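Each remark here refers to the structure printed beneath this line.
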Amino acid sequence: MAPFRIYLSFLRRFSTAAVTTASPAPITISKAKLKLRKVHDPDKALAIYNSVSKNPSSPLSSRYAMELTVQRLAKSERFSDIEALIESHKNSPKIKTETFLSTLIRSYGRASMFDHAMKMFEEMDQLGTPRSVVSFNALLAASLHSDLFERVPQLFDEIPHRYNSITPDKISYGMLIKSYCDSGSPEKAMEIMRDMEVKDVEVTIIAFTTILGSLYKNGLVDVAESLWNEMVCKGCELDNTVYNVRLMNAAKESPESVKELMEEMSSVGLKPDTVSYNYLMTAYCVKGMMGEAKKVYEGLEKEHDCVPNAATFRTLIFHLCINGLYDQGLTVFKKSAVMHKIPDFKTCKHLTEGLVKNNRMEDARGVARTVKKKFPPRLVTEWKKLEGKLGLYSKASNAAASSSSQTREVFDQEREDAT
DNA sequence: GTAGGGTTAG
């Protein structure tokens, strides 16, 4: 049933493509990956994926394409399509290699389908795939991505006992630590860390970073600071991510403390990245210093050679809206649409409501058009309810339509870009 | 990016 659905989806896409665009010819994998990053419609994603998966040239890359496709389908809750897609790979001779099978387990995790991941792990004997810590780690990753953090300690107890070919390594332990951190127990995570030291398993910078972030989030700032000192004393090679976690904490304090820490970052030879600048921008936003926040945003590309990401847009647009700066919010929103990184539902709602309140009906409809194109079906349904409440397409609002040729231009540009 | 775990939600 499910493979047939995929086929139908593909046909559907194929027939529209035949009418509206010139050639649906087979494409290279690198092209497919570029396209997949932009496309959010699950049927389009599947069509792109199918147009390369037949081409056997580069199997390594197509795994990545699969993960992207699965993520698109997962957002639309198309679980039977995901199952069909992933299971179809079991026919490949590569299924006997543990890394390939582990990719499939991990993909199930990306779709929060932990039971399927577990089933695949258990089927390894029948499939003739040898087991090592590689597939065990894939299974742990699948439970973390499925938000089943309580399953991780359980698997940790059971699996290595059941299969003597599996010995947890530093990455397994890293995920165990993450599971405790995600369930709000950084102290328990620190116990695991001490346990690793006893067992002579390396505590990597990633494990440290996980704990550090969790300590800050749970308000255990003093413990976090002493862990940081411990890392520095041990000569741990610090990187951007661990500094970014500290910046997260500094952002709660003040923009000044963020800047100070960013200078420290530079002085140790690290270059602040998009995430770092996002924290600086956030620090200005929460203080209501929107002019300064926008300067950070504008400097991202111009001065710092960084690309704004989804969090950049989400945070900035949200705060522009709650400060009543809908016009500026709209400008930034347009940019986010061009970059296929529109903000979340709540932020889009704020923006649209604000535009309606200011009688900018055509601009509000422009935002709505983009939202409906990019959100998964469930949210589109929700969004249409909002449109009804706002009277976005009522007669009165049509009459009030104004100044929108510019809006159309930008949204049309975005539309072409998406195909 | 090539095996895999870490950072942003007002």
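All chains are named by letter (A, B, ...) in the order of the sequence lines, taking the proteins before the strands, and each is independently numbered beginning at 1. Owing to the predicted nature of the structure, the values given are computational and were not obtained by experimental measurement. Atom set for the values below is all heavy atoms of this structure, side chains included, hydrogens, waters and symmetry mates excluded.
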Contact state string [nucleotides 5-10 of chain B, B base, S sugar-phosphate only, - no protein heavy atom under 4.0 Å]
BBBB-B
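Atom CG in A/L68 sits about 13 Å away from atom P in B/dG1, given to the nearest Å.
With hydrogens and angles ignored, the 3.5 Å screen pairs no side-chain donor or acceptor of A/N323 with any backbone N or O of A/L325. In this structure, the side chain of A/K271 engages the main chain of A/H304 through a donor-acceptor pair within 3.5 Å.
A gap of 16 Å separates the P atoms of B/dT2 and B/dG6, to the nearest Å. Going from the C1' atom of B/dG1 to that of B/dG5 covers 15 Å, rounded to whole Å.
A ring pair (Phe, Tyr, Trp, His ring centres under 6.0 Å) with A/Y108 is found for exactly one of A/H116, A/H89, A/H145, namely A/H116. Among A/T241, A/L238, A/N244, the one residue that satisfies the side-chain contact (heavy atoms from CB on, under 4.5 Å) test with A/T209 is A/T241.
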Which dot-bracket notation, 5' to 3', represents the base pairing of DNA chain B when pairs are defined as Watson-Crick or G-U with both distances under 3.5 Å, crossing pairs as [ ], and inter-strand pairs as |?
..........
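Atoms CG and CD, on A/L316 and A/E298 in that order, are 9.0 Å from each other to the nearest 0.5 Å.
Across A/V258 and A/A283, no two heavy atoms sit closer than the pair CG2-CB, 4.0 Å.
Stacking of A/R246 on the aromatic ring of A/Y279 is not recorded, the 6.0 Å distance cut-off and the 45° axial limit not both being met.
No side-chain N or O of A/S226 forms a donor-acceptor pair with one of A/N229 less than 3.5 Å apart.
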